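The block underneath contains the structure these notes are about, expressed in structure tokens.
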Number of protein chains: 2
Amino acid sequence: MAARTRRRSGEPERTRRDRDASPPLPELTAPVEDYLKAIYELERAGEPAATTDLAVELRLAPASVTGMVRRLAEQGLLMHERYRGVRLTAKGRRSALRTLRRHRVIEAYLVQALGYGWDEVHPEAERLEHAATDDLVDRMAMAIGEPTVDPHGAPIPSRAGAVEEARYRSLADLPVGAIADMMRVADEDPMLLRYLADLSLTPGCTVRVVERAPYGGPITIEMKRQRRLIGPALAERVLVRPHRE
Amino acid sequence: MAARTRRRSGEPERTRRDRDASPPLPELTAPVEDYLKAIYELERAGEPAATTDLAVELRLAPASVTGMVRRLAEQGLLMHERYRGVRLTAKGRRSALRTLRRHRVIEAYLVQALGYGWDEVHPEAERLEHAATDDLVDRMAMAIGEPTVDPHGAPIPSRAGAVEEARYRSLADLPVGAIADMMRVADEDPMLLRYLADLSLTPGCTVRVVERAPYGGPITIEMKRQRRLIGPALAERVLVRPHRE
DNA sequence: TTAATAATTTAGGATAGACGAAAATTCAAT
DNA sequence: ATTGAATTTTCGTCTATCCTAAATTATTAA
């Protein structure tokens with residue numbers, strides 16, 4: 001595949017108002033898109049992304065990451081400080097966001113238009129995001145009413161590359177008595193997602209923290225008069241927006 | 001992509017009734033699927049597919065085709081007689097038909113569910129067919145009512161790999177006075193397709209041959225009381241089923 | 001400060017898939 | 001039979017991506 005997406009022509013055409021219109025994004029290979037996406041996610045924590053973390057995330061040998069990082073730096077997609085990690089450039093961030101948009105629109109479409117479960121869409125989207133054109137993704141988004149979040153509550157970047165990364169809190173951090181709306185699951189593990197669905201703990205629902213056992217014990221929540229026990233590992237993955245005050 | 005679809009595990013599991021259940025098809029790379037599809041189409045003419053024809057079809061250098069053909073033969077997907085061309089094995093044909101099903105279901109889905117024009121779907125399907133899982137393709141097919149032909153009238157192989165390749169006649173071969181139903185366009189060229197759509201000459205319509213100018217001249221057809229002049233090159237691409245008698 | 005450990009990079013290779021030049025084969029026409 | 005054109009294959013290279021093993025740098029503990 002790599003070979004067939006190789007650019008054969010010269011420089012891409014640059015037309016009117018290139019100063020503010022973002023330059024046309026070149027076609028990237030699937031691995032490159034995966035790297036940029038992973039770096040984007042790691043960087044959201046604030047620090048530059050370490051190559052080792054990248055290797056873990058992408059399930060590659062660290063040495064392979066080093067090689068690719070060098071090439072991406074040459075292409076101006078990221079800045080690399082030896083032994084310090086990598087940061088995306090503006091160009092790299094735009095590419096990452098475009099891929100993220102594709103991924104999340106596809107996930108939303110599969111759920112809303114084709115009846116997939118929210119636990120099934122991740123791998124499918126992972127494959128399609130590299131093959132779908134922006135046009136197709138836009139049509140999918142339109143067909144399901146321009147959603148702003150994917151099935152797991154993750155925000156969908158706009159066509160222009162704007163994202164609103166809301167800073168939610170983890171259910172694990174709420175004090176007893178707090179009431180909050182569930183907004184997002186920070187995990188794609190199918191088992192975990194199915195379990196959450198079984199509990200009816202999905203984005204949009206409202207929960208109240210009834211009790212917290214100390215020392216990493218379970219959290220008791222109430223939703224629609226039903227009480228549930230949630231382990232701390234699970235609660236940590238559930239992101240919520242507490243009601244004001 | 002090639003590297004990431006490489007099989008890492010051992011032999012695929014073989015369970016009950018492997019005698020008649022076709023053996024599980026291994027994951028093939030995108031280039032391999034393209035070769036098999038092209039060979040399948042070339043072989044439909046009856047003769048083994050020549051490597052040169054393959055090279056033209058796939059827009060590759062003949063030498064590249066030779067190399068890939070050797071690899072495909074080693075994998076048991078085709079038989080190669082030097083200087084004679086290639087023939088798909090049963091295994092190769094099953095793989096080709098699966099790809100063809102994907103391609104055509106995707107084309108039909110894009111038109112019926114996402115509002116694409118029949119002149120736009122080919123390149124999009126060409127990319128998606130390698131990324132979509134069989135499950136997704138089946139869901140797409142179900143969502144649009146299990147079509148039996150794609151937007152150009154090409155038959156969609158069943159899940160099991162059965163196709164009914166009807167032998168239509170070309171509009172260019174019909175005698176004056178003949179009445180026929182248009183069934184299929186044997187071309188994917190967007191310009192040609194848009195032109196046919198302008199003429200309302202699309203699968204399902206009924207035409208009558210009014211006049212044929214000799215020596216490769218235009219053909220006059222009538223459809224819904226409207227007369228149209230069709231050049232022979234175009235008429236040749238339009239496949240029809242003449243009414244009985 | 002030094003030794004041990006962890007993180008990272010470099011070196012050296014492998015593989016899939018592509019290319020072009022040149023050699024080999026086939027086939028048709030003498 | 002011979003020859004010339006067309007076709008096909010062989011062979012050597014190239015690029016992107018991955019790998020393992022060895023070397024290097026950074027960090028932590030003693």
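Given the structure is predicted, the values throughout are model-derived calculations rather than measurements. Each chain gets a letter, A, B and so on, in the order the sequences are listed, and its residues count up from 1.
Within the 4.0 Å cut-off from OP1 or OP2 of D:dC18, at least one side-chain nitrogen or oxygen of A:Tyr35 is found. An OP1 or OP2 oxygen of D:dA26 is reached within less than 4.0 angstrom by no side-chain nitrogen or oxygen of A:Arg82. Side-chain N/O atoms of B:Ser64 include one lying less than 4.0 angstrom from OP1 or OP2 on C:dC19. At C:dT10, none of the side-chain N or O atoms of A:Thr66 fall inside 4.0 Å of OP1 or OP2 (strictly under the cut-off). Applying the 4.0 Å criterion to OP1 and OP2 of C:dA16, one finds that B:Thr29 has every side-chain N and O outside that range.
Counting non-hydrogen atoms under 4.0 angstrom, A:Arg70 reaches nothing in the nucleic acid. Base contact: A:Ala63 has a heavy atom under 4.0 Å from a base atom. Using a 4.0 Å heavy-atom criterion, one finds that A:Thr51 contacts the sugar-phosphate atoms exclusively.
Salt bridge B:Glu74/B:Arg71: absent, no basic N to carboxylate O contact under 4.0 Å.
Minimum atom distance to the side chain of B:Leu60 is reached by C:dA18, of the listed D:dC19, C:dA18, C:dT26. The side chain of A:Val32 lies closest to D:dT17 when the candidates are D:dT17, C:dC27, C:dG17. Checking C:dA18, D:dT9, D:dC18 against the side-chain heavy atoms of B:Pro31 singles out C:dA18 as nearest. Taking the side chain of B:Ala61 as heavy atoms from C-beta on, and the options C:dT9, D:dT9, C:dG20, the nearest nucleotide is C:dG20.
Remark: the A:Asp189 side chain and the A:His122 side chain contain no N/O donor-acceptor pair separated by less than 3.5 Å. With no hydrogens or angles considered, a side-chain donor-acceptor pair links B:Glu124 and A:Thr133 at under 3.5 Å.
The distance from atom CG of B:Leu77 to atom C1' of C:dA16 is 15 Å, rounded to the nearest whole Å. C:dA18 atom C1' lies 15 Å from atom CG of B:Leu54, rounded to whole Å. Between the NE2 atom of A:His130 and the P atom of D:dT17 there is a distance of 12 Å, rounded to whole Å. What separates CD of A:Glu81 from P of D:dT25 is a distance of 16 Å, to the nearest Å.
The line from CD of A:Glu107 to CD of A:Glu126 is 8.5 Å long, rounded to the nearest 0.5 Å.
By the neighbour-count criterion of 12 heavy atoms within 6.0 Å, atom CD of A:Glu164 is sparsely surrounded, having that number or fewer from other residues, nucleotides or ligands.
Residues A:Arg84 and A:Arg59 each lie close to DNA chain D; by heavy-atom proximity, the contact nearer the 5' end of the strand is made by A:Arg59.
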